[in-house]
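Report on the following structure.
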Amino acid sequence: MEFQSLFDGQEKNLKEVILKNSNISLTEFIAVAKYKAKVSFSDEYIEKVNSSYRALEKVGRKEKLYGINTGLGDNCEEIITSKQEETFQKNILRSHAVAIGEPLSFLETRAIMLMVLLNLGRGYSGVSIETLLVIKDMLNKGIYPYAPSEGSVGYLSVEAHMFLTLIGEGKIYVKGKLVNSKTVFERNKIKLSSLKRKEALSLVSGTTSVTGIAILSIYNMYINFENIKIGSALSFEGLQGSVNELDVDVLSLKNHAEQVEVASFITKLLHGSFNLTKTKNKRTQDPLSLRTIPQVLGAFDRIFKETIQSVYEELTSVSDNPVIISKENKYYVRMNGNFDASYVSLHLNALSIATVYLTNYIERISNRFLDTELSGFPAFLINNPGLNNGLMIVHYTLAGLLNDMKALATPSNISNNTMSADQEDVVTFAYSVAKRFYKMTEKLEYITAIWFLICKQGLSFMDEKSLAPIIQKVLGLMAEKVSPIKNDRLFYEDIERLKVMLSNSKIIDLVTSEIEND
């Protein structure tokens with residue numbers, strides 16, 4: 001499954017997303033989570049929720065039903081009476097809200113709230129539509145609930161902090177300050193929830209936080225990867241790689257379609273380069289960092305596609321526990337393990353390792369530009385080196401970020417802890433995996449910006465007219481934000497400007513347009 005099959009690039013243009021069924025697209029998800037598109041419920045959505053709620057009401061109270069009329073974890077043999085149900089649900093939120101540390105970002109909370117609407121709106125959870133309407137109103141009014149980001153092994157804690165707001169006991173950010181949710185709800189004319197059977201448990205259960213953050217990460221990684229393919233073409237041009245290494249006939253000898261796709265894309269960007277034509281036989285063969293670009297990027301693409309499929313399948317799944325199942329006009333409550341996030345965490349672990357592997361190549365290519373013995377350019381890409389340090393130290397920043405990424409790529413779920421008196425004796429640590437990968441993608445944005453700065457400066461020492469026409473236009477777009485480097489200056493400002501340009505897809509949009517019009 002390819003990202004493009006679920007994503008049409010219209011995420012910034014959508015103003016409303018109607019929740020109908022589980023098949024929300026990644027475009028729609030990002031439109032709501034990142035670009036504040038409004039959420040509304042279809043009649044189908046409302047009926048599924050109401051039907052499930054009525055079904056739970058019909059289920060008898062004599063049978064032990066986990067988290068409905070029993071306690072949680074190792075307390076699952078303790079009975080909760082009907083008179084205790086609302087207090088019990090509130091106590092779930094109160095007792096579970098024990099996360100610590102820096103709060104989740106505004107985007108992360110939005111992604112999680114949207115995931116809750118999707119997970120509980122599929123008609124298997126028994127929650128009321130009134131509670132989901134409150135969460136919808138929070139999204140549509142841009143309400144930012146306070147939720148510390150550390151201390152979760154997969155779910156529960158951060159969600160509990162977020163949804164304490166529904167009963168007036170949570171905190172909400174208002175102009176950078178924390179305000180009691182009851183006050184904020186009153187100002188926004190949102191009614192507090194009176195939690196019914198099972199509702200708090202459903203709000204904190206499942207893979208909602210893991211999957212929501214994973215989707216934000218995948219979106220970041222999609223932008224990063226498209227930019228990396230363009231950066232590879234810039235590097236090929238600047239370091240005068242051999243176009244023979246992009247020969248589709250040769251690459252097709254290996255049965256991996258992705259490396260052919262990567263090479264074909266880079267070839268399109270380099271079309272018309274007189275620079276590469278005249279240096280076609282400059283070296284017997286290029287260093288590995290150039291020669292294996294199709295293979296490395298292709299292998300990454302394969303892992304990326306597999307991860308997208310796994311995360312999207314989770315997005316369109318029911319991960320609540322317990323669930324209400326209907327069979328032959330009878331309703332059953334089934335305890336289950338669908339809250340487990342192994343699919344997402346294992347694929348994100350693999351993608352994290354692949355991302356570091358790919359970033360190692362970026363660092364080596366950057367070093368090759370900066371080393372005068374390897375590139376033939378002035379040392380550290382600056383005239384009058386010695387007096388000027390040039391881009392010597394931006395390489396240090398790149399290496400420091402890469403080292404951070406290596407630490408973040410260490411799999412979180414290769415060890416285990418048991419909890420709740422061994423009732424929960426295996427946990428995934430999937431939340432940690434998702435958070436780590438999200439941080440990795442943010443660091444990679446800066447690494448890619450540094451790389452583009454290095455490529456731009458290296459190419460400035462070449463005859464611009466000899467470069468491929470698309471490469472010339474990419475350089476021209478970057479020049480709108482970053483002027484030629486003549487002497488040392490505050491390079492971090494250049495990095496920040498390029499980072500914004502890259503993360504906003506400006507260069508991707510330019511290249512896409514040029515290829516389509518070619």
Side-chain angles (χ1 to χ4, degrees), residues 29 32-34 36 39 72 89-120 127 131-132 134-185 188 190 192-193 195 199-217 220 319-320 339 341 344-345 412 427-439 442:
F29 192 99
V32 173
K34 187 164 185 174
K36 302 182 185 178
V39 176
L72 302 181
Q89 294 301 313
K90 289 182 178 179
N91 282 345
I92 290 175
L93 295 181
R94 291 164 179 157
S95 63
H96 284 56
V98 290
I100 62 168
E102 292 295 315
L104 289 170
S105 69
F106 178 58
L107 298 187
E108 288 169 308
T109 62
R110 290 184 65 79
I112 294 168
M113 286 191 285
L114 179 55
M115 277 301 308
V116 169
L117 292 182
L118 292 168
N119 185 39
L120 304 187
V127 301
T131 294
L132 299 186
V134 174
I135 299 172
K136 176 179 75 70
D137 287 345
M138 292 176 70
L139 278 168
N140 289 345
K141 293 177 184 292
I143 291 174
Y144 176 13
Y146 167 72
S149 64
E150 297 179 31
S152 175
V153 299
Y155 56 102
L156 300 177
S157 298
V158 296
E159 295 90 344
H161 279 280
M162 289 175 61
F163 297 119
L164 275 173
T165 57
L166 274 60
I167 61 173
E169 296 181 20
K171 301 291 184 182
I172 289 171
Y173 280 103
V174 178
K175 296 180 179 179
K177 295 182 179 180
L178 286 174
V179 180
N180 184 272
S181 63
K182 185 177 181 180
T183 301
V184 177
F185 277 28
N188 286 274
I190 300 174
L192 292 173
S193 299
L195 296 177
E199 289 200 318
L201 179 58
S202 289
L203 290 170
V204 303
S205 290
T207 65
T208 51
S209 60
V210 174
T211 308
I213 295 170
I215 294 170
L216 292 177
S217 305
N220 284 353
S319 63
D320 196 9
F339 55 81
V344 176
S345 66
S412 300
V427 292
T428 63
F429 292 103
Y431 176 80
S432 175
V433 177
K435 285 288 295 177
R436 286 181 175 206
F437 187 62
Y438 190 40
K439 290 180 181 178
E442 292 178 323

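Note that the numbering runs from 1 along the sequence shown for the chain.
A200 pairs by the side chain to side chain contact (heavy atoms under 4.5 Å, CB included) definition with Q89, I92, L93, L195, not counting sequence neighbours. Every side chain to side chain contact (heavy atoms under 4.5 Å, CB included) that A99 has, sequence neighbours left out, goes to P148, S157, V158, H161. Scanning for side chain to side chain contact (heavy atoms under 4.5 Å, CB included) contacts around E442 gives N220, Y438, with sequence neighbours left out. The side chain to side chain contact (heavy atoms under 4.5 Å, CB included) test applied to V179 returns V174, T183, V184, not counting sequence neighbours. Applying the ring-ring contact (aromatic ring centres under 6.0 Å, His included) rule to F339 yields the partners Y155; only residues at least two apart in sequence or on another chain are considered.
Atoms CG and NE2, on L156 and H96 in that order, are 5.0 Å from each other to the nearest 0.5 Å. In this structure, K136 NZ and M113 CE are separated by 12.5 Å, a value rounded to the nearest 0.5 Å. Within the model, atoms OG1 of T109 and CD1 of I172 stand 10.0 Å from one another, a figure rounded to the nearest 0.5 Å. In this structure, I112 CD1 and T207 OG1 are separated by 11.0 Å, a value rounded to the nearest 0.5 Å. The structure places CD1 of I167 at 6.0 Å from NZ of K90, a figure rounded to the nearest 0.5 Å.
Taking both residues in full, the closest heavy atoms of A111 and G212 are given as CB-O, 3.6 Å, listed atom of the first, atom of the second, then distance. Of all the heavy atoms in S193 and V134, the pair that sits closest is OG-CG2, 3.7 Å. Taking both residues in full, the closest heavy atoms of Y144 and L104 are given as OH-O, 2.6 Å, listed atom of the first, atom of the second, then distance. Annotation for T208 and E159: closest pair OG1-OE2, 3.8 Å, computed over non-hydrogen atoms. Shortest non-hydrogen contact noted between S149 and E102 is OG-O, 2.5 Å.
The shortest side-chain heavy-atom distance between K36 and F106 falls under the 4.5 Å cut-off. Within the 4.5 Å cutoff, the side chain of F29 has no heavy atoms near those of the K34 side chain. For the pair M115/S209, no side-chain contact is recorded, criterion being any heavy-atom separation below 4.5 Å from C-beta on. I213 has its side chain within reach of Y431: a pair of non-hydrogen atoms, C-beta onward, lies under 4.5 Å apart. For the pair V116/F163, a side-chain contact is recorded, criterion being any heavy-atom separation below 4.5 Å from C-beta on. With a 4.5 Å cut-off on side-chain heavy atoms, I143 and I190 count as touching. Using a 4.5 Å heavy-atom threshold, the side chains of Y173 and P145 count as separate.
Side chain to side chain, S202 and D320 meet the donor-acceptor criterion of an N or O pair below 3.5 Å. At a cut-off of 3.5 Å, with distance as the only test, a side-chain donor of E199 or T131 sits close to an acceptor on the other residue.
Judged by distance alone, the side chain of S105 and the main-chain N or O of E108 form a donor-acceptor pair under 3.5 Å. Side chain of T165 to main chain of M162: a donor-acceptor pair is present (N/O by atom type, distance under 3.5 Å, no hydrogens or angles). Although no hydrogens or angles enter the test, the distance criterion places no donor-acceptor pair under 3.5 Å between the side chain of S345 and the main chain of A430.
Among V127, L164, N119, L166, the single residue meeting the side chain to side chain contact (heavy atoms under 4.5 Å, CB included) criterion with L203 is L166.
Within the structure, every pair that satisfies the salt bridge (Lys or Arg N to Asp or Glu O under 4.0 Å) test and touches residues 169-182, not counting sequence neighbours, is listed here: R94-E169.
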